[in-house]
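All heavy atoms count here, side chains included; hydrogens, waters and symmetry mates do not. Throughout, a chain's letter reflects where its sequence line sits, starting with A, and its residues are numbered from 1.
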Amino acid sequence: MSINLQALSAQLLVGLINGSFYALLSLGLAVIFGMLNIINFAHGALYMMGAFCAYFLLNGLGLNYWFALIIAPVAVGIFGMILERTMLKWLTGLDHLYGLLLTFGLALIIQGVFQNYFGSSGLPYAIPDQLRGGMNLGFMFLPIYRGWVVIFSLVVCLLTWYLIERTRLGAYLRAATENPTLVRAFGINVPRMITLTYGLGVGLAALAGVLSAPINQVRPLMGTDLIIVVFAVVVIGGMGSIMGSIITGFTLGIVEGLTKYFYPEASNTVVFVLMVLVLLVKPAGLTGRAT
Amino acid sequence: MIAFVLMTVLLAIVPFTGIYPFFVMQGLCFALLACAFNLLVGYGGLLSFGHAMFLGTAGYFTAHALKVWGLSPELGIIFGTAGAAALAVITGLVAIRRLGIYFAMITLALSQLVYFIYLQTPFTHGEDGIQGIPQGKLFGIFDLSQPTTLYYVILAGFLLGFLLIYRTINSPFGEVLKAIRENEPRAISLGYKTDQYKFLAYVLSGTLAGLAGSLKVFVAQNASLTDVHWSMSGEIVLMTLVGGLGTVFGPVVGAFVIIAMQQYLAGFGQWVTVIQGAVFVICVLTFRRGIIGELAHFFRRSL
């Protein structure tokens, strides 16, 4: 079988971009799960809100992509913190499954409202002027915006890793994940940290939404199928480690890209099939702890 | 027991009351589905977010058997239910390997995998689904194209499944399941092989969900992708939550409440999704026991 390098590298790039979104989203899920002990089913809906936020900023206030990159994650993050303070907070101490059900309900509400006002079709969002065009790398043509998404996501992921694993704030966070009661006894405001953590996770999802707006268009349902794939990514990688989420996310994106080239029929199932294989061989996930 | 007799009598007189029988038949199929789901989550503590795959699989299998192979209704139901059982065995072996919260994510991902497979395989006819399915004659005697006959057949199927679940819950097996739900490590230390119990509960639940899917084919006369979609799995969860997790009659009540709600709100388009989401949120925040659960709590008895 002869390999068309041009097409292969194009699919690899698409895979890397999807991988960036998987990484950003599964990272947020892992951080939230660590502190709040819930699986945030609303993550896909909040990712979609990030993209819509960018759309409103551009068409309503005339603020361009660069503003959206900062404002959208903050705005959606604040929205998330309100959700945490008004609803999720009341679930502490209850079975995990209630958190999942509550956030599933929230996802339905958010998506339903957006679908009512914007239908199911996509709204276009233009690539910012500075990132238009492409580069010829010899073996392939690289659209600058796509390269930017991959590199920027990677940087954000690594910054998050640094924040959690290497700073004092991150140390508090990890300590509170292990034993919230003890950390509170040291005079640290754990409820506020939980709220901020949820805001951080949600902000990462919104950031992924902004990044994806020029590539995938802005659609009310853009997050629904994505979140299910991200769940599979989380099952494969395990939620125990931050770096694990990042690496698994990017790797699975690349695998998906390769599948699109070699066997396109399986491209939307390959992640799930991999999940099954991993569960059979290594039930605890590639990096996760047991349970 | 009184409640059961009351429910059976109420359901048996429906054809004489002028209530639209198709609505009740649809409700009965979903009620059986929700009961099957409740066996797993309410008594085993395992939240499956992929029960639509059993509904859809059994539906497709029965529809294909009836329409393409021209099998009789009873064989069609057996074939569809067996298909769901086989799927439950395969997915169960994978899903049971992870505890707690991962179980929901794994079942959701598995059902999405099944959805994509049905989207691509030719026998399901993709987006169109299998339509115009002949209802046939059950055992060669009962003509299922007669609404009243069909109604009693569906009711019999529902009661059969319901009693089987009721029996399971109150058997020694059911007691062990409850023990696992309450404290799995302790159940393990008492010498129970909890994985086997959970696997069996999962397969039983999937099979009965399949029975509901097979029966639904005779009511709706079609089998389509909506029955396999994750939003259907969400509706199953919602029905059980509204009625009451871990109650015997809760899922039945919940199924009828949700079906009725969809019927009345059909004109509101996408707002139905928003309202369903709101019901989820309200139930989880204020009403965790569900309708029957609250009643049971108020009267201090188990329903």
Side-chain angles (χ1 to χ4, degrees), chain A residues 29 33 37-39 41 86-87 90-91 94-117 119-120 220 224-225 227-236 238-239 265-266 268-269 271-273 275-277 279-280 282-285 288 290-291, chain B residues 41 45-50 90-91 93-117 119-120 181 184 195 229-231 233-235 237-238 240-241 245 268-286 288:
Chain A
L29 279 181
F33 181 74
N37 244 329
I38 60 164
I39 298 291
F41 216 125
T86 51
M87 297 182 199
W90 304 105
L91 300 181
L94 289 174
D95 197 316
H96 292 307
L97 62 91
Y98 289 110
L100 189 73
L101 296 179
L102 180 69
T103 48
F104 180 71
L106 290 173
L108 287 183
I109 296 177
I110 297 170
Q111 269 153 9
V113 167
F114 275 86
Q115 248 186 311
N116 261 303
Y117 290 109
S120 292
T224 44
D225 286 346
I227 191 66
I228 302 179
V229 181
V230 172
F231 279 171
V233 171
V234 164
V235 172
I236 294 172
M239 286 189 289
E265 290 83 2
N268 46 21
T269 49
V271 174
F272 303 122
V273 174
M275 179 193 80
V276 171
L277 293 178
L279 282 171
L280 290 175
K282 209 163 175 286
T291 69
Chain B
V41 67
L46 293 167
L47 174 67
S48 156
F49 234 103
I90 298 167
T91 54
L93 287 173
V94 176
I96 294 297
R97 299 175 72 89
R98 262 301 192 38
L99 298 175
I101 197 70
Y102 283 99
F103 183 79
M105 294 196 280
I106 295 169
T107 46
L108 178 62
L110 287 171
S111 78
Q112 188 78 347
L113 176 61
V114 171
Y115 175 84
F116 279 121
I117 291 173
L119 187 65
Q120 287 172 351
R181 176 189 65 187
E184 185 163 355
D195 275 2
H229 197 244
W230 58 264
S231 53
S233 298
E235 276 174 30
V237 180
L238 183 62
T240 314
L241 182 68
L245 289 172
F268 289 87
Q270 283 306 323
W271 288 112
V272 177
T273 321
V274 180
I275 293 166
Q276 283 187 346
V279 173
F280 254 110
V281 170
I282 293 164
C283 275
V284 172
L285 286 178
T286 62
R288 271 187 289 278

request  = Measure distances from A:I110 to the heavy atoms of chain B and classify the residue's part below 4.5 Å as side chain, backbone, both or neither.
outcome  = neither
remark   = Applying a strict 4.5 Å limit to non-hydrogen atoms, the region of A:L100 in contact with chain B is side chain
key: Most contacts with chain B, counted as non-hydrogen pairs under 4.5 angstrom, among A:L102, A:L91, A:L97   = A:L102
ask   = Taking C-beta and beyond as the side chain, do A:T224 and B:W230 meet within less than 4.5 Å on heavy atoms?
value = yes
key: chain B contact via A:V271 - which portion, at a heavy-atom distance below 4.5 Å   = neither
Close side-chain approach of A:D95 to B:R288, heavy-atom, < 4.5 Å = no
message = Between A:F104 and chain B, with a heavy-atom cut-off of 4.5 Å, which part of the residue counts as in contact: side chain, backbone, both or neither?
response = side chain
query = Where the side chain of A:H96 meets the backbone of A:I39, is there a donor-acceptor pair that is under 3.5 Å apart?
reply = no
Identify all side-chain donor-acceptor contacts of residues 103-117 of chain B below 3.5 Å with residues at least two apart in sequence or on another chain.
residue, atom, partner, partner atom, Å
B:T107, OG1, B:F49, N, 3.0
B:T107, OG1, B:F103, O, 2.9
B:T107, OG1, B:A104, O, 2.9
B:S111, OG, B:L108, O, 3.0

Which atoms of A:I38 approach chain B - backbone, side chain, both or neither, heavy atom under 4.5 Å = neither
ask   = Below 4.5 Å, heavy atoms only, C-beta onward: do B:V284 and A:L94 meet side chain to side chain?
value = no
query = Which answer fits A:Y117, side chain, backbone, both or neither, if we ask what part of it has an atom under 4.5 Å from a heavy atom of chain B?
reply = side chain
Kindly list each side-chain donor-acceptor pair under 3.5 angstrom involving residues 271-282 of chain B, sequence neighbours excluded, with atom names and distances?
residue, atom, partner, partner atom, Å
B:W271, NE1, A:N116, OD1, 3.4
B:T273, OG1, B:Q270, O, 3.3
B:T273, OG1, B:Q270, OE1, 3.2

query = By a 4.5 Å heavy-atom criterion (distance strictly below it), what part of A:M275 contacts chain B: side chain, backbone, both, or neither?
reply = side chain
